[in-house]
Amino acid sequence: MIVRNVDSVRPSALSNELVDVDPQETAEWLESLESVFRLQGPERAKFLLDQLLERARVDGVRGPSSIHTPYLNTVPKTEEVPYPGDRELERTIKSINRWNAMAMVARANKTTNVGGHIATYASAATLYEVGFNHFFRGRAGDSHGDVIYFQGHASPGPYARAFLEGRLNETQLKNFRQELQPGGGLSSYPHPWLMPTFWQFPTVSMGLGPIMAIYQARYARYLEARGLADTRGTHVWAFLGDGECDEPESLGCIGIAARERLDNLIFVVNCNLQRLDGPVRGNGKIIQELEGTFRGAGWNVVKCIWGSDWDELLARDTTGALARRMMEVPDGEYQEYAYAAKKGKPELIREKFFNTPELKVLVADKTDEQLAGLRRGGHDPIKVFNAYRAALNHRGAPTVILVKTVKGYGTSAEANNTAHQEKKLEIMLTAQERAIVESEALELKQAQELKALRQFRERFHLPLSDAELKKYKFYRPAEDAPEMRYLFERRKALGGFQPARNTDFKPCEPPKPESFARVLQGTPAGKGQSTTLAWVTLMQGLMKDPGVGKLIVPIVPDEGQTFGLPPLYNQFGLYSPVGQRYVPVDKGTMTEYKELPNGQIFQEGINEAGAMATFIAAGTAYSTFAVNTIPFYVYYSMFGFQRVGDLIWASADSRCRGFLMGATAGRTTLNGEGLQHEDGHSQLVAMTVPTCRAYDPAFGYEVATIVEEGINRMFVKGEDLFYYLTIYNESYDMPAMPQGVRDGILRGLYPYKTVKPDGAKHTVQLLGSGVILREVLRAQEILATKYQVASTVFSATSYQELRRDAIECERVNRLHPDRPKRVPYVQEVLGTDANVPVVASSDYMRAVPEQVATYLNCRLLALGTDGFGRSETRANLRRFFEVDAEHVTVAALYALAERGQLDRGVVRQAIQDLGIDPERPAPWTV
Ligand SMILES: Cc1ncc(C[n+]2csc(CCOP(=O)(O)OP(=O)(O)O)c2C)c(N)n1
Ligand SMILES: [Mg+2]
């Protein structure tokens with residue numbers, strides 16, 4: 001409604017907005033608009049409207065929100081192109097896929113109770129089939145194909161199609177969700193770890209698919225900008241659920257996709273209006289809500305709500321009554337209409353939806369069945385095709401397609417609140433049918449199932465006998481059947497099959513030894529460095545390496561200054577698709593904040609989840625885009641495994657390679673910051689990820705050794721691993737790399753220094769990791785000078801590696817009792833003398849070193865930082881958590897006393913002499 005003058009915004013005049021006080025004038029305005037539209041086209045009409053709105057806003061008129069459009073399809077009938085495919089053959093293929101997908105789940109649950117989902121694919125079948133037949137590009141020649149994030153629990157659909165394509169066999173389908181069976185099975189959801197030639201990316205942890213897709217699309221642009229890969233032909237498609245949009249990861253990063261104008265990105269949100277428990281927005285409209293959110297963020301929004309059958313009704317709806325009704329009905333009620341039709345009450349739609357005399361007239365010539373059969377947009381290939389086409393043709397912004405479907409479409413669970421969990425088909429019998437069942441002594445459940453299966457068969461015209469229905473026989477037409485020929489032809493035209501993960505690997509040239517030389521030399525005396533700065537120095541060398549240099553991808557979520565990164569900003573540039581449209585305030589300095597269209601570094605802003613998604617895109621590019629980019633993602637170690645742990649898990653599943661650099665590590669080293677920042681457990685969580693290689697190095701040369709080995713293993717040999725290194729911000733002199741320690745650094749433990757005072761009667765072994773190794777070295781001095789105890793200090797670079805080796809040895813020994821016993825490396829290094837105790841200290845929880853304790857003959861006494869961190873100085877924190885030199889000394893003396901080698905009085909005296917208060921509460925209790 002157009003307001004007449006500024007006065008009308010006053011409360012007293014508000015009623016003018018609701019009633020048309022001057023219909024004559026309104027008609028004139030509308031007529032003018034119509035004539036502009038007719039004579040000069042929609043572009044000009046839009047321009048004029050924008051001008052009017054702009055002017056009205058300046059004058060203080062409250063403008064209408066332009067974020068929402070009516071509850072209608074975005075692509076008008078007049079702009080539709082005819083369907084380019086063979087509808088009949090495509091319907092046949094889709095129906096067969098529907099059957100095989102459903103049969104796969106039902107069969108798996110008849111024999112074993114392994115779960116699965118029927119309803120999601122049933123609602124999404126058309127969305128995928130239109131894509132498979134006309135849009136999804138496969139990898140072919142130089143083209144990398146599209147990257148598709150399939151909705152995780154729709155996986156039976158892509159499996160069913162791959163079965164028709166001959167890429168999966170019947171045994172595999174029978175073993176859906178039973179992956180350990182002979183002949184192999186199929187993983188429940190997309191998991192590249194489990195099906196490395198099939199799935200590209202894991203999606204089933206809701207929200208991760210969308211965020212990974214956004215950063216994947218941006219990464220494709222980055223590769224292009226840096227001349228590392230030709231990604232122009234690639235579109236990134238992400239299929240997600242409407243319920244899934246409630247996850248913060250789904251919508252939290254959509255802004256960046258618009259900001260960077262990622263028109264290579266298409267989201268398809270399957271708005272079946274339901275999630276697992278019930279309606280997504282029973283009282284509202286999820287499509288409208290998402291439209292506002294995405295459009296507000298700058299996305300192109302394409303709504304695909306109504307099927308073609310509605311076109312005629314909408315054309316006849318000259319008063320707009322139908323469009324208004326469509327808008328006012330809440331989603332919960334739409335679900336009821338879909339559900340009611342299935343439950344044999346088609347009249348409900350006429351009664352409740354077409355609920356005014358005007359609407360009843362509109363559908364007077366339709367039967368109840370026709371009304372119940374009016375399809376939603378997502379079940380009409382023409383509408384879906386045109387929505388996809390609009391998305392593909394849109395330039396300058398990503399597109400989201402909001403497509404309305406019915407959950408469990410065509411199955412007995414259609415639109416039921418239980419649809420999500422349904423694993424079989426079943427329909428209640430009528431009284432008459434029941435009587436027959438009873439008279440024939442049939443089992444009721446079987447009869448209900450058969451009825452549902454028959455309905456499914458009729459609905460989708462499947463050529464299956466009753467016997468085949470009952471057996472849920474998988475159906476695959478003969479290779480030369482027209483539908484099969486069509487299917488292969490279409491995939492060939494589109495370049496190849498989807499989903500398919502590329503497993504070709506072209507190794508990198510190994511980095512040159514010189515690239516590591518500076519860090520291996522250590523620092524001059526008195527010119528201390530932290531392990532973080534040692535790493536930055538290493539990066540400067542590596543990024544200039546003639547082989548891998550350009551492939552290094554540093555990623556930082558703000559905080560680069562904390563880690564000493566800015567010199568890299570200046571040298572290598574920060575990636576920005578538009579370059580730099582301003583002069584940075586630090587122009588001309590060594591640390592200039594330089595943004596370049598081909599900048600090498602990702603500055604992600606305060607967004608660890610987004611940075612992790614970039615890490616995944618970069619660390620899987622060896623497969624996705626056949627380029628071995630090597631990501632180094634550096635962040636506050638506290639905001640890694642704990643904050644974005646599920647993305648790290650997904651990265652491992654994706655066979656992602658690269659380096660996670662947990663900076664400002666340790667619970668006592670990041671002094672001052674306190675409870676939320678001081679990390680004493682990421683090393684423990686890192687152990688839980690099977691492909692992670694976690695290290696806690698103490699010196700620059702250890703960092704360099706691990707990084708060199710990592711690049712060689714991951715990018716030269718092609719191993720599916722990633723590395724986690726904790727790096728600290730405490731400066732000290734970095735020694736040069738001693739001889740013969742390389743192997744020990746990589747395996748997790750090596751002797752660093754032995755001290756044997758004259759007259760020493762006792763020996764201990766002291767283990768230290770990261771910065772705490774220096775406390776251990778100080779303890780070694782105290783033990784030698786004050787207590788005449790000899791010791792060897794070991795640098796424990798990785799308890800995870802030590803444990804990995806130990807459990808491997810234990811397993812081989814246990815399962816091969818007759819073979820010579822294998823000795824774990826940790827035991828080999830520390831020996832088997834039970835009289836030589838081991839004391840371990842680190843800036844991490846005791847549980848980290850304790851994991852190797854059971855594989856030792858001697859007692860391992862662990863000190864660690866269990867408890868909450870707090871703001872204090874390093875020295876005070878180390879005393880508080882009992883990981884400092886004095887506590888290590890006392891622990892060593894105690895361990896000797898425990899074995900009867902020393903008098904307990906010596907320990908008591910040491911506690912006093914070293915200024916330790918034994919009555920302090922335990923750090924993990926306060
Ligand atoms: C993080 C996370 N939380 C919960 C689940 C369990 N879950 C699987 S599917 C699903 C409902 C999905 O609803 P929607 O996104 O609307 O998909 P639809 O099946 O309706 O297409 C839920 C809650 C999950 N997989 N991931
Ligand atoms: Mg849903």
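Just so you know, ligand 1 is whichever comes first in the structure, and atom 1 is the first atom listed for that ligand.
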> Do S205 and D646 have a side chain donor and acceptor closer than 3.5 Å?
Replying inline: yes

> Considering only heavy atoms of N272, which atoms of ligand 1 have at least one such atom less than 4.0 Å away?
Replying inline: 18 (P), 20 (O), 21 (O)

> How far is atom 18 (P) of ligand 1 from its nearest protein heavy atom, and which residue and atom is that?
Replying inline: K407 NZ, 3.3 Å

>> Could you check whether any side-chain heavy atom of C245 comes within less than 4.5 Å of a side-chain heavy atom of L290, counting everything from C-beta outward?
In response: yes

> Protein N, O or S atoms less than 2.8 Å from the Mg ion (ligand 2), ignoring waters?
Replying inline: D242 OD1, N272 OD1, Q274 O

>> Would you call the rings of H379 and Y409 parallel, tilted or perpendicular, taking 30° and 60° as the class edges?
In response: parallel

> Of the protein's non-hydrogen atoms, which lies at the shortest distance from atom 1 (C) of ligand 1, and what is that distance?
Replying inline: E247 OE2, 3.3 Å

>> Tell me whether H117 reaches ligand 1 (any heavy atom closer than 4.0 angstrom to a ligand atom).
In response: no

> What is the nearest protein non-hydrogen atom to atom 15 (O) of ligand 1, stated with its residue, atom name and distance?
Replying inline: E244 N, 2.9 Å

> What are the atoms of ligand 1, with element, lying closer than 4.0 Å to any heavy atom of T120?
Replying inline: 18 (P), 19 (O), 21 (O)

> Which protein non-hydrogen atom lies closest to atom 22 (C) of ligand 1, naming both residue and atom, and how far is it?
Replying inline: L276 CD1, 3.9 Å

> Would you say M327 has more than 12 foreign heavy atoms packed within less than 6.0 Å of its CE?
Replying inline: yes

>> Looking only at the side chains, is there a donor atom on one of E289 and T293 sitting less than 3.5 Å from an acceptor on the other?
In response: no

>> Over 60° means perpendicular and under 30° means parallel, so tell me whether W306 and W310 are parallel, tilted or perpendicular.
In response: tilted

>> Checking a contact table here: which protein heavy atom is nearest atom 25 (N) of ligand 1, and how many Å away?
In response: V204 O, 2.9 Å

> Below 6.0 angstrom between ring centroids: does that apply to Y636 and F639?
Replying inline: yes

> Looking only at heavy atoms, is any part of D242 under 4.0 Å from ligand 1, and if so is it the side chain, the backbone, or both, or is it neither?
Replying inline: both

>> Taking 4.0 Å as the limit for heavy-atom contacts, which would you say applies to H153 with ligand 1: side chain only, backbone only, both, or neither?
In response: side chain

>> Can you confirm whether the side chains of H420 and Q274 place a donor and an acceptor under 3.5 Å from each other?
In response: no

> Taking both backbone and side-chain atoms of G243, is any N or O found less than 3.5 Å from an N or O belonging to ligand 1?
Replying inline: yes

> Is there side-chain contact between F201 and F150, with at least one heavy-atom pair below 4.5 Å?
Replying inline: no

> Is it the side chain, the backbone, both or neither of Q274 that has a heavy atom closer than 4.0 Å to ligand 1?
Replying inline: backbone

>> How far is atom 5 (C) of ligand 1 from the closest protein heavy atom, and which atom is that?
In response: M206 CG, 3.8 Å

> Can you find a pair of side-chain heavy atoms, one from L240 and one from V268, that are under 4.5 Å apart?
Replying inline: no

>> Under 6.0 Å between ring centres: does that hold for F460 and F456?
In response: yes

> Applying the salt bridge (charged side-chain N to carboxylate O under 4.0 Å, His left out) test to E449, which of K424, K110, K423 qualifies?
Replying inline: K110

> Would the F239 and F267 ring centres measure less than 6.0 Å apart?
Replying inline: no

>> My understanding is that we take every heavy atom of each candidate and find the minimum distance to atom 10 (C) of ligand 1. Doing that for H420, Q151, R275, which one comes out nearest?
In response: H420

